[in-house]
Structure formats: C-alpha cells, structure tokens
There are 2 protein chains.
Amino acid sequence: MLAIGEFSRLTHLSVRTLRRYHDAGLLEPAAVDATTGYRYYSADQIPAAQVIHRLRQLDVPLPDVQRILRSPDPGARATLVADHLQRLEAELDRTRAAVASLRRLLRPEPAPLDVEVRAVPATTVAAVEDDVALEEVLGWYAGAMAELDAVVRQPTGVPGGLYDNALFEDGHGHVLVYRPTAAPPRSGRVHAVTLPAVELAVTTHVGEHDDIDVTYGELGRWVVTNALAVAGPVRETYLVGPRDTPEPDAWRTEIGWPVFRMAPPVPRGPGAVERRPRTSPSSPGR
Amino acid sequence: MLAIGEFSRLTHLSVRTLRRYHDAGLLEPAAVDATTGYRYYSADQIPAAQVIHRLRQLDVPLPDVQRILRSPDPGARATLVADHLQRLEAELDRTRAAVASLRRLLRPEPAPLDVEVRAVPATTVAAVEDDVALEEVLGWYAGAMAELDAVVRQPTGVPGGLYDNALFEDGHGHVLVYRPTAAPPRSGRVHAVTLPAVELAVTTHVGEHDDIDVTYGELGRWVVTNALAVAGPVRETYLVGPRDTPEPDAWRTEIGWPVFRMAPPVPRGPGAVERRPRTSPSSPGR
DNA sequence: GTGCGGCCTCCCGATGCGGGAGGGTCAAGC
DNA sequence: GCTTGACCCTCCCGCATCGGGAGGCCGCAC
C-alpha cells in the first residue's frame, strides 16, 4: 500500500491532482483510512493512473475519461478514444485555417471590394430550416444540403441559405438552406418556402469559408459607410462550391446583405443619415 | 458610429465578448457616451476585431493579443505571432506523442521488465545544475548539455542526469546533468561535482522519452513489490541518444532508482517489511 | 515528548466565456 | 408627450482544471 506522496512520485501526477481524481470518482484509492482520511493506493493502480495522465494530456474532459475507464469492453473503449482523436483532428484543421487566415489578414493588401445592390424578387424554393447553434451549423448544413439534393430532381438554380442575425449575436438562431426548383416537393424536412423579395448588397467571397467572416466585415463596412439601411437575415448563394470542384480556390460564394432602401453612395454626413430599423443582419461563420 | 450590437454582427464577436475586450483594454470603442456608458465603435475597427478573433481562435492569451496589437512595428508583430505558431507546433508534437503513447498503453502487452540492482561508487564529474520547473526541464536540459559538450574535451563516459523528487510532486525541483571526465573544467555554469555513491535499481528505457514515465512506473512498481528501500534523486544515464543516432528506436536510457538497502526478492509479507526513509525518488518527465 | 514532514479539508485565484438579474436608454408609433 | 420594446448598461455567478495557501491532524524517529 502506497501513501499518496509515493504514488504521486510513481505516476507523475501531483498529490493535489490525485486527490481531485479521487473526489471526482476517477481514480479511487485502494483503501482509505476511515479515521484519518489517509488515501492508500496499490501498485496495480499505476497503469490506470498513466492512462488517465495520457488522456488528460489530450485534453479529454474528466467525465469523458471516467466514461472511457468505466467501459470494460476494449472495443467501446477504443471507439471513445477514436472519437476524441477525431475531435483533436478537427481542432487541428480549425487551427490550420485560422493560421492561414491570420497570415492573410496581417498582410496589408487593400483587396478592393466589388459590391452591387440588387433587387431580388420573391421566389418559392425547396427548403430545409431549423434553429441551430453556431457550432452545429456546419454539420447541420451538410445534412440539410444532402437531403435537398436527394429530393430535388430538377433544380432551376444554385443553392443558397438564409442566416438569422441572432446566430452570431447569441450563438444560435434560425437557419434555412434552399434549392430553387419549379415544383418544390414535400419530403422529410424538405418543404416549399416562399422567400420574400429583398434588396441586397451583394459581394462575392472567393475560396474556402475559413475566413468568410472577413468578407462579411468588409461588406458590412461598405453598407455602413454608404449609409444604406439594413434589415433581415443575410443570404448566401453558393455559386461554386465543393459539389462543383474540389479546388477551393475556385469556390465562389455570394453574400447578400439586405438593405432596406437604397441611397446613392455619397460621403456620409448629417444630411445623409437615413431612417432605418434597429436590426441588421448577421451571418453564419466559417 | 456603430452601437455594440451592430458591431457584434459585423465582426462575429458576441456583445459580451466585446465588452470584455473593452474592459481588458484590448479593443477600446471609438467613443463612449459619458452619461449612459454606451459604447460606439467605428467601422475602421472591424479589421482589428477580426485579427483579435483569429488570435483567440489560436488560443493566444488576451495579454499576448494586446501585446501583438500594441506593437506598431510589423516586424515585431510577426515575431510575436511566429512565437505563438511555434508554441502551437510544439503542442501538436506533444499531442502526437501522447496519442502514440496512449496506443501503446492500451495495447495489453506485459512487456517484461529487466531490473538489475547495482552499486555505483562516488564519482567526480563536470556538471551543470539548477532549480528548474517541470515545463522548462526539456529546454534547460538542451542548453545545459550543449554547454557541457562545448567545455568537456575528453569525456570518460556517457552523460547522465539527477532529478529531484520534488520535480514531479511540486512541479519544480533540483536538476543536475553531468558528463564524466578526468579533470572537470570550471567554465560558465559548468563545475566539478562529486556524485555520492548509491545503490540503484536500474532498468533501460528504449526509444523516445515521450512515454518514459511509463517505464518509471514499472520500475517503481518493481521496487515497491520487491520490498526495496528507496531514497534520493533518481538518476538517468543516456547510453544512446539523439547525439548518437537520429533513429529514436535505437535510443537507450538507463533509469536508476536509488535503493537504500537490498533485500532478496521475496513475496511481501509482515516479516518482509523493512525500515526505510520516508522519501523516495521521482523523475523528470514528459 | 518533541519536531518535522506528510496528509487532511477548505477557500481562493486564474482563464475566457456564457447565463441571468435588475435597471437605464433610445426611437417608433400613437 | 407617452408607451412600448428592443437595446444597452453593470454586477454576480458558473463552467473546467489546476495551483497556492491556511489551519490542523497524524506518524515516525530520536
């Protein structure tokens, strides 16, 4: 039987950490003295402690570590571990994307922005919609688009999406993806929706969506400085996407920022201030 | 001038987060109404907000973000960013190592352990020593060994190190690296040290040091179950290391766990309990 | 018996974000 | 001019995981 200090030296886990793991039910000492509260560990617990150590190095949350240790079946255990490795991989991808985008941001290139204001008439489309949290948007989008693709036989235009303002302000909001078609079918989550007519300030984002928020910022800035009123959810139109070509540099995403009324692009001044609603659009990220 | 909510929509940073960044002095609003406290941002602040956003995605701590933004010189800025990317890379390496080690740990292979008890006489060596924190050990080791190599002309044996118990229990402790030589020179941090005679339970760790703590655990377990007394800092001897071959699988590191007195390896029982000091060794980690 | 190191519990801080309470402000519409 | 509802304010708390430190009991050697 080993006192906590000795066990600490054997496992390279600090005494405090071992106590925490005991409290959390993660690694119970082989024996606890009822009167003194002293924890005593057995040498057989060293491997378990080392597995915990490794999992913590991978930032596996303590409850998940517990789940992994509790699952007696090596198969289930392997699955849980694999899940975490996959999560790590996804995080790595995000890191890579952020690094690339940061480099682009810090390179001081003006990157002139083409913005066009365009009236879009009301259209009836096949759509899938839901309230979604920001982190889930990507996964939700993939599923919804796949379902649309499976159901819509004769699309009459490129797909698009509408993204609620709240999505970014609050981290969750209403999202709708659609595909134009002559006779929208009704099947599963797919149903007909009539998108209202709007005027949109439109620009095109080129390449991956990793730094589409930068384009959003530039477009928003254009809208603000040109004193155009704004309202309603932002619209994206996927002119060229992964479904069309695997080459990210060829991707084209149109971003449409609703504008309430149009004004000639004059320098802003006291006379140029317009009456406008209090809300303005946001967008999905990444 | 944009209210905080509009700015939030333009930058994809939540309102709360923007307020925090203001409090932290990271992103000051262009104007703050003195009577109402309302924050107003300018469209020119969008790029700064986006850079902050990217840096935070890379887990750059807020004070560091501030330092990066405050440095007006693009060169210094690039250096700070590069430092962080390097840190990310190092973390990635650690993750990779932990994954590999975890796989090895979960594969249930008994891996028989060769342990030998050996009397080591007192020796005078050229040494570098210091109190070091656990996280710094690797970097400190590299520097100390380089200095030793530069100064010791005619080594009479392979290099080694002594690692205080406290290093793992408290996260910092005394560390000494040495190279045996006939006449230890005195230069910079290098000086002569006489290592005391000890008896060591010795085993050899094969391969990279990523999971050397597992070997420590196995050796410690052997020491405990064979009822040997222990005391003093643990010793490592670098039989074959990166200086000898780039092939990690060929590396050999001897781990010596001090034993106070030897007993025949009998099953433990009431009669086999020995008198021994209260302290036992730890080791450097990673 | 005394001293000291080991062990105990309990509280607090750091980090960066979100939730929620409680209350003031702004502008549209009557 | 007043109501209404969205918007903004501050302040407090919780989250996860770790470390620091206080205050006190316990065990063992001398």
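Chain letters run A, B, ... following the sequence lines, proteins first and then strands; every chain starts at 1. Quantities reported herein were computed from a predicted structural model and do not represent experimental measurements.
Every pair passing salt bridge (Lys or Arg N to Asp or Glu O under 4.0 Å) that includes a residue from residues 25-39 of chain A is listed here, sequence neighbours excluded: Asp23(A)-Arg39(A).
Put simply, OH on Tyr41(B) is 7 Å from P on dC9(D), counting in whole angstrom units. Across the protein-nucleic acid pair, Leu26(B) atom CG and dT15(C) atom P stand 13 Å apart, rounded to whole Å. Put simply, CG on Leu27(B) is 16 Å from P on dG16(C), counting in whole angstrom units. Rounded to whole Å, atom P of dC8(D) lies 13 Å from atom CZ of Phe7(B). In this structure, CE of Met1(B) is placed 15 Å from P of dC8(D), rounded to the nearest angstrom. Rounded to whole angstrom, the span from the CG atom of Leu55(B) across to the C1' atom of dG16(C) amounts to 15 Å. Straight-line distance from the CG atom of Leu18(A) to the P atom of dG6(C): 15 Å, rounded to whole Å. Counting to the nearest Å, the P atom of dC26(C) and the CD1 atom of Ile4(B) are 15 Å from each other.
Checked against salt bridge (charged side-chain N to carboxylate O under 4.0 Å, His left out), Arg67(B) has the following partners two or more places apart in sequence or in another chain: Asp64(B). Here Arg221(A) pairs with Asp44(B) under the salt bridge (charged side-chain N to carboxylate O under 4.0 Å, His left out) rule; sequence neighbours left out. Scanning for side chain to side chain contact (heavy atoms under 4.5 Å, CB included) contacts around Leu88(A) gives Leu58(A), Leu85(A), Thr95(B), with sequence neighbours left out. By the salt bridge (charged side-chain N to carboxylate O under 4.0 Å, His left out) test, Arg77(B) is found to be paired with no residue, residues two or more places apart in sequence or in another chain being considered. For Leu62(B), the side chain to side chain contact (heavy atoms under 4.5 Å, CB included) criterion is met by Tyr21(B), Leu26(B), Arg56(B), not counting sequence neighbours. Take Arg96(B) and apply the salt bridge (charged side-chain N to carboxylate O under 4.0 Å, His left out) test, not counting sequence neighbours, and it matches Asp93(B). For Glu135(A), the side chain to side chain contact (heavy atoms under 4.5 Å, CB included) criterion is met by Ala133(A), not counting sequence neighbours.
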So which protein nitrogen or oxygen atoms get under 3.5 Å of nucleotides 12-14 of chain C's nitrogens or oxygens?
none

Any protein N or O atoms within reach of nucleotides 2-4 of chain D? Criterion: under 3.5 Å, listing atom names and distances.
none

Fill in the blank from the handout: Expected string for nucleotides 16-26 of chain D under the B/S/- scheme (protein heavy atoms, under 4.0 Å, primed atoms plus P, OP1, OP2 as sugar-phosphate) is -SBSBB----B
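When each of Asp23(B) and Tyr40(A) is assigned the nucleotide of DNA chain D with its nearest heavy atom, Asp23(B) is the one assigned upstream, toward the 5' end.
Using modelled atom types, one side-chain atom of Gln45(B) and one backbone atom of Ala30(B) make a donor-acceptor pair closer than 3.5 Å. No side-chain donor-acceptor contact under 3.5 Å links Glu169(B) to the backbone of Ser14(A). Remark: side-chain polar atoms of Ser8(A) are paired, donor with acceptor, to backbone N or O of Leu13(A) under 3.5 angstrom.
In this structure, the side chains of Pro29(B) and Tyr40(B) stay at 4.5 Å or more apart for every pair of heavy atoms.
Residue Arg39(B) is in sugar-phosphate contact alone, with no base atom involved, counting any heavy-atom pair closer than 4.0 Å across all strands shown.
Taking the six-membered ring where the residue is Trp, His12(B) and Phe168(A) present parallel rings, their angle staying beneath 30° rather than reaching 60°.
Look at Asp210(A) and Arg54(B) and you find no salt bridge, because none of the NZ, NE, NH1 or NH2 atoms lies under 4.0 Å from a carboxylate O.
Applying the 4.0 Å criterion to OP1 and OP2 of dC7(C), one finds that Arg19(A) has every side-chain N and O outside that range.
Contact check of residues 79-88 of chain A against DNA chain D (heavy atom, cut-off under 4.0 Å) returns no residues at all.
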